[in-house]
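All remarks here apply to the structure that follows.
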Amino acid sequence: MISAADLRRIAFWSHELTEEEFERAQRGIVEKLYAKGAYLCHRGDRLESWTGISSGLVRFGMTSRSGKIMTLAGLREGSWFGEGTVLKNEARQYDLVALRDSRVAMMHRATFFWLFENCVAFNRFLVRKLNERLGQFIALVEYDRTLPATARVARSIAWLFNPVLYPKAETQLEISQEEIGLLSGISRQAANSSLKTLEVKGLLRVEHGSITVLDIDRLRQFED
DNA sequence: GCATTAACAGCCG
DNA sequence: CGGCTGTTAATGC
């Protein structure tokens, strides 16, 4: 079972639970490690748990039949996902791959349903979360073809700093330029050049192995 | 043109 | 040392 401190750290929704609800959640979660490159699940798998990222970075996406990869979202510490699959009790429609060594929190299906049936705060969180992700996926339709590379990088990064999904996130995030490329759907070299552009415009600061966001609002809307 | 892969030197932790 | 970054050259759509 996950420690209380870890649960508080990676799940801001847990702060709104009563003591009883919190303990139920805690007892229903186990943590698991995935090495860089390992799949948490493949499309078509049954992954029974509702899932949160405890540390590391995971790519949420799919691979087309021709082998082209499509990234739907990058999942960082504090990301929770899989409620759609758990609620509908169906197979996963996407792949989850660890981009670096990652620790993942798995909530048992029964615990998820207990919270879903009994806890208003938990449901408020789910609705907020689904709403943000829906907005993100709508933006993805435009993003994929229309926007130039730098704008796609800007959006991929902005999503990792979504204030609704990660209300307590630091402005700095440990992420390499290669990982940013994987999440943005471009090469490391192109990611490097886009990051330089965004840095010159004052939207973020590029550091060795990490970035610091300076202006999340402009980053989200960046178009050229 | 624009983006990709490959290669490599240099830097950081 | 191993991983990440910055840059260039060759190649493809």
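Residue numbers start from 1 in every chain, and the chains themselves are labelled A, B, ... in the order their sequence lines are given, proteins ahead of strands.
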Rounded off to whole Å, could you give me the NE2-to-P distance for the A:His208 and C:dG6 pair?
-> 9 Å

Tell me: CD of A:Glu179 to C1' of C:dC4, nearest whole Å?
-> 10 Å

Using atom CG of A:Leu195 as one end and atom C1' of C:dG6 as the other, report the distance to the nearest whole Å.
-> 12 Å

Would you mind reading off the distance between A:Leu173 atom CG and C:dC4 atom P, rounded to a whole angstrom?
-> 14 Å

Correct closest heavy-atom pair for A:Val97 and A:Gly37 would be CG1-O, 3.8 Å

Just how far, in rounded Å, is C1' of C:dC4 from CD1 of A:Ile175?
-> 13 Å

Between A:Gln189 and A:Gln177, is any side-chain donor less than 3.5 angstrom from a side-chain acceptor?
-> no

Is the closest side-chain heavy-atom distance between A:Ile180 and A:Arg188 below 4.5 Å?
-> no

Can you check whether A:Lys196 has a side-chain N or O nearer than 4.0 Å to OP1 or OP2 of C:dT5?
-> no

Report which part of the nucleic acid A:Ser187 touches: base, sugar-phosphate, or nothing (heavy-atom distance under 4.0 Å, all strands).
-> base

Which heavy-atom pair separates A:Arg59 from A:Leu182 by the least distance, and what is that distance?
-> CD-O, 4.0 Å

Base B:dA6 paired with A:Gln189 side chain (donor-acceptor, <3.5 Å) | yes

For A:Gly185 and for A:Arg188, find the nucleotide of DNA chain B with the closest heavy atom, then tell me which residue's nucleotide is more 5'.
-> A:Gly185

Take atom CD of A:Gln177 and atom C1' of B:dC12, then tell me their distance rounded to the nearest Å.
-> 13 Å

Can you check the A:Ile211 CD1 to B:dC12 P distance for me, whole Å?
-> 19 Å

Whole angstrom value for the distance that separates C1' of C:dG3 from CG of A:Asp101 | 13 Å

Judged by modelled atom types alone, do A:Ser210 and A:Glu174 share a side-chain donor-acceptor pair under 3.5 Å?
-> no

Check if the side chain of A:Arg100 and the base of C:dG3 share a donor-acceptor pair of N or O atoms closer than 3.5 Å.
-> no

Distance test, side-chain N/O of A:Asn192 to OP1/OP2 of C:dG6, below 4.0 Å | yes

